[in-house]
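Okay, handing you the structure first.
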Amino acid sequence: MLVDWDWWTVDFGDAHAGAVGVLVGGGEPGLVYFDVGSGPDVPSTTHWSAYDGRARRPRAEALRAVCACGWRGAAEYPLDWATIGDRPLYEVDVDLAGPLADWTAHLSVVRDAALPLAALLVEMAGQREFCREQRAAL
């Protein structure tokens, strides 16, 4: 499934791009397709704002953070449709601070796990260079 990523960092690039995920009926819905009439190409998206229940599209019940690596945030942020009404989600001031904070916390865990690995790789590269120097001296 293609995802329209909302967040990206230089540190992790596409491997840990983040987005606001949508929950409908307790699960993630599929792509939203846009009816543009006839033709061979049917535009589609997974951007959270497309799940507003208009034009037979699914209506998001809650939002959560998602990451390109497959991680999904545990916290769910319900949408208040009584306040939103029939307006398109892209016109509503939806608070995305929760999903963004969850994705940022996920990146902190990834970064913390990557630091020992990076140190090990530096050490191994140093040992490899040392071995080369020793062989050259023989």
Side-chain angles (χ1 to χ4, degrees):
M1 179 184 318
L2 297 175
V3 176
D4 296 318
W5 301 109
D6 297 312
W7 310 305
W8 189 88
T9 67
V10 172
D11 292 345
F12 297 110
D14 293 340
H16 286 283
V20 176
V22 172
L23 293 169
V24 175
E28 294 181 15
L31 292 168
V32 166
Y33 295 95
F34 298 98
D35 184 3
V36 293
S38 63
D41 297 318
V42 179
S44 63
T45 187
T46 59
H47 195 267
W48 65 271
S49 65
Y51 296 87
D52 56 13
R54 298 177 331 124
R56 296 181 300 190
R57 296 190 296 256
R59 184 181 239 189
E61 296 167 3
L63 304 176
R64 71 173 172 189
V66 300
C67 184
C69 72
W71 172 87
R72 298 297 188 253
E76 297 179 7
Y77 301 90
L79 291 170
D80 181 6
W81 285 103
T83 302
I84 296 169
D86 291 333
R87 293 181 294 166
L89 284 176
Y90 61 82
E91 290 181 358
V92 180
D93 186 22
V94 176
D95 183 7
L96 302 178
L100 176 58
D102 295 345
W103 177 72
T104 302
H106 163 65
L107 290 186
S108 293
V109 171
V110 171
R111 189 173 286 110
D112 290 348
L115 288 176
L117 177 58
L120 177 62
L121 291 173
V122 168
E123 181 181 338
M124 289 173 59
Q127 290 176 358
R128 182 176 176 201
E129 186 61 31
F130 175 77
C131 289
R132 278 190 192 156
E133 291 170 0
Q134 292 300 312
R135 277 186 291 209
L138 294 177

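Predicted model, so just to flag it, every value in this text is computed and none were measured. Index from 1, following the sequence.
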Does a side-chain heavy-atom distance below 4.5 Å link P58 with V32?
-> yes
Derivation of the side chain to side chain contact (heavy atoms under 4.5 Å, CB included) call for T9 and L107 | CA-CA 9 Å; T9 67; L107 290 186; 3.7 Å; yes
State, with a plain yes or no, whether a side-chain heavy atom of L63 is found less than 4.5 Å away from one of E76.
->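 Of all side-chain heavy-atom pairs linking E76 with L63, none is under 4.5 Å.
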Minimal heavy-atom distance between V22 and A60, with the atoms involved, is CG1-CB, 3.4 Å
Looking at P99 and R64, what are the two nearest heavy atoms and their distance?
-> CB-C, 4.1 Å
Point-to-point distance, once rounded to the nearest 0.5 Å, from CD1 of I84 to CZ of R59 |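 I84 CD1 to R59 CZ: 7.5 Å, rounded to 0.5 Å.
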From OH (Y90) to CG (D52), nearest 0.5 Å = 7.5 Å
Report yes if some heavy atom in the side chain of L79 is under 4.5 Å from a heavy atom in the side chain of V94; otherwise report no.
-> yes
Search all heavy atoms of P29 against all heavy atoms of Y51 and return the closest pair with its distance.
->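 Shortest heavy-atom separation between P29 and Y51 comes out as CG-CE2, 3.4 Å.
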Sub-4.5 Å side-chain heavy-atom contact between F12 and R111 =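 Yes, at least one pair of side-chain atoms sits under 4.5 Å.
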If you group Ile, Leu, Val, Met, Phe, Trp and Tyr by side-chain heavy-atom gaps below 4.5 Å, do W81 and L23 land in one group?
-> no
Begin from the C-alpha positions of W7 and L100 and carry the test side chain to side chain contact (heavy atoms under 4.5 Å, CB included) through to its verdict.
-> CA-CA 8 Å; W7 310 305; L100 176 58; 3.6 Å; yes
When rounded to the nearest 0.5 angstrom, what is the spacing between CG in L96 and CG in D102?
->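 The CG atom of D102 is 11.5 Å from CG of L96, to the nearest 0.5 Å.
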Indicate the atoms forming the closest heavy-atom contact of V66 with G21, along with that distance.
-> CG1-CA, 3.8 Å
Of all the heavy-atom pairs spanning G18 and W103, show the shortest one and how long it is.
-> CA-NE1, 3.2 Å
Measure from the side-chain N and O atoms of R72 to the backbone N and O of A65, and report whether any donor-acceptor pair falls under 3.5 Å.
->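 No, R72 side chain to A65 backbone: no donor-acceptor pair under 3.5 Å.
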How far does NE2 of H16 sit from SG of C69, to the nearest 0.5 angstrom?
->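 Rounded to the nearest 0.5 Å, the NE2-SG separation comes to 4.5 Å.
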Could you check whether the rings of H106 and W71 sit parallel, tilted or perpendicular, using 30° and 60° as the cut-offs?
->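 Parallel: the ring planes of H106 and W71 meet at under 30°.
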Report, as yes or no, whether the 6.0 Å neighbourhood of atom CG on D86 holds more than 12 heavy atoms from other residues, nucleotides or ligands.
-> no
Heavy-atom closest contact (A68 atom, D14 atom, distance) | CB-O, 3.3 Å
Are side-chain heavy atoms of P88 and R54 found at a separation under 4.5 Å?
->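 P88 vs R54: side chains touch.
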Verify the cluster assignment for W48 and W8: are they in a single hydrophobic cluster under the rule of side-chain heavy atoms below 4.5 Å apart?
-> no
Short question: side chain of R57, backbone of A50 - any donor-acceptor pair under 3.5 Å?
-> yes
Decide whether H47 and S49 meet the rule of one side-chain donor and one side-chain acceptor closer than 3.5 Å.
-> yes
